[in-house]
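Both counts, for ligands and for their atoms, begin at 1 and track the order of listing.
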Amino acid sequence: MNWLEKDQHYIMSTYQRLPIVVEKGEGNYLYDSEQNKYLDLFTGLAVNIVGHSHPYLLGKLKEQADQFLHISNMFINKPAVRLAERLIELSIPGKVFFANSGAEATEAAVKLVHKWGSSQETPKKGIAVLEKSFHGRTLGVIQLTRQPGIYQDFPAADYPVYEVEAENLEALEEVLKTNQPAAFLFEPILGSGGIQPVSPSFMEKAKALCEKYNVLFIVDEIQTGIGRTGTFFAYERADITPDVILFAKGIGGGLPLGGMIAGEHVQEVFHPGDHGTTFGPSPLSAAMGNAVLDVLYEQNELENGRERAEYLWSRLEDWKNESEGFVQEIRGLGMMIGVVLNADASFVKTLQERLLAKGFMFNITQQRIIRLLPPLTLERAEVDAFVETLAEEMNALKERSVQ
Ligand SMILES: *Cc1c(COP(=O)(O)O)cnc(C)c1O
């Protein structure tokens, strides 16, 4: 059996994989076992925010590995304390809980919401979320992920879940008023829901409603955070202070790391024994988290990335304008972009395969939306090569499907 066949034989089929055996990642590229090189425009699904095998990150990883790999939460974990301090400085006053993934970050928030809700004068229960949200796949949070193919076959949550249409303030107010949930949880840009940005004005008014009805306002920055949209967290473009912020994906620089930041009035909800996880966080992951922040701030990649994203947007907009309506919409923010084509799912899938054959990798979400999650390190020449190839292949495919 070759690797592809072995993969299919031994690994559960929970993902549709691209037929590529990756041998090496370096900078913005992945290399396969046949010496092909690919520009990676989805960065391990929003993880490798500054590219692959970043030498500075690897250096810091080695430094930590030489100290200790693991010590348990019985000790003070210096890289974790340092990272928590920096995350607080970059967001809201409060305290951090570290876990190992996005779903675990959401799980921690669900438990915090539960404890906080039960302690209110009029106890509150449940969580309101947006349609097409994605907050993780473990059993405790799967019902917060409102995508029909994902949650429906699994047991109901043992707390109420309310689904609200994005941008619909009336619907949100109705739920907050009548159902009295303990929290409202949302992504500032719905990621796997189709790269659908939530407007700053919705965020601000939703926050005001949460204050009015005593509901915790929680942003899931697991995909949007760590500089991906041009600011450290995507909620920053609205004038709001969240009660809780969830993070994961990009922060570990490629290692598993996630968690939540709980604002001052909810930072004491948990007491020893209420929650925990053996690896939360691995010192290696925490050291990588600090290294990612060094690269973003001391090496200026957050700002550089913002400029590089502007260039990518301008090239994509030009392409859209020349496409005679075939490119319907380009949406998102910074290095988180959804391209909606006037085409069906099989066209988009074929386009993905053709781009892959030319050395460009992107992801598809909601069957027909091209999802680009490029690294902040994407160079102009790479943008040019990608957009030109995309336009060529799209035109070639269009002609073929017309004939
Ligand atoms: C990926 C993602 C999660 C889940 O993270 P995992 O690490 O896969 O468990 C939760 N919320 C959002 C917005 C995500 O993009």
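Take D66 and apply the side chain to side chain donor-acceptor pair (under 3.5 Å) test, not counting sequence neighbours, and it matches K62. A search for ring-ring contact (aromatic ring centres under 6.0 Å, His included) contacts involving F360 returns F386, not counting sequence neighbours.
Around atom CD of E170, no more than 12 heavy atoms belonging to other residues, nucleotides or ligands sit under 6.0 Å away. The neighbour count for K78 NZ, taken as heavy atoms of other residues, nucleotides or ligands under 6.0 Å away, does not exceed 12.
Among pairs with a residue in residues 134-157, those fulfilling salt bridge (Lys or Arg N to Asp or Glu O under 4.0 Å) read R146-E163, at least two apart in sequence or across chains.
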Pairs under 3.5 Å, nitrogen or oxygen of ligand 1 with protein nitrogen or oxygen:
from, atom 1, to, atom 2, distance (Å)
ligand 1, 7 (O), G102, N, 2.8
ligand 1, 9 (O), A103, N, 2.7
ligand 1, 11 (N), F134, O, 3.1
ligand 1, 11 (N), D220, OD2, 2.8
ligand 1, 15 (O), Q223, NE2, 2.8
ligand 1, 15 (O), K249, NZ, 2.6

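Between F347 and F326, the ring center distance clears the sub-6.0 Å criterion.
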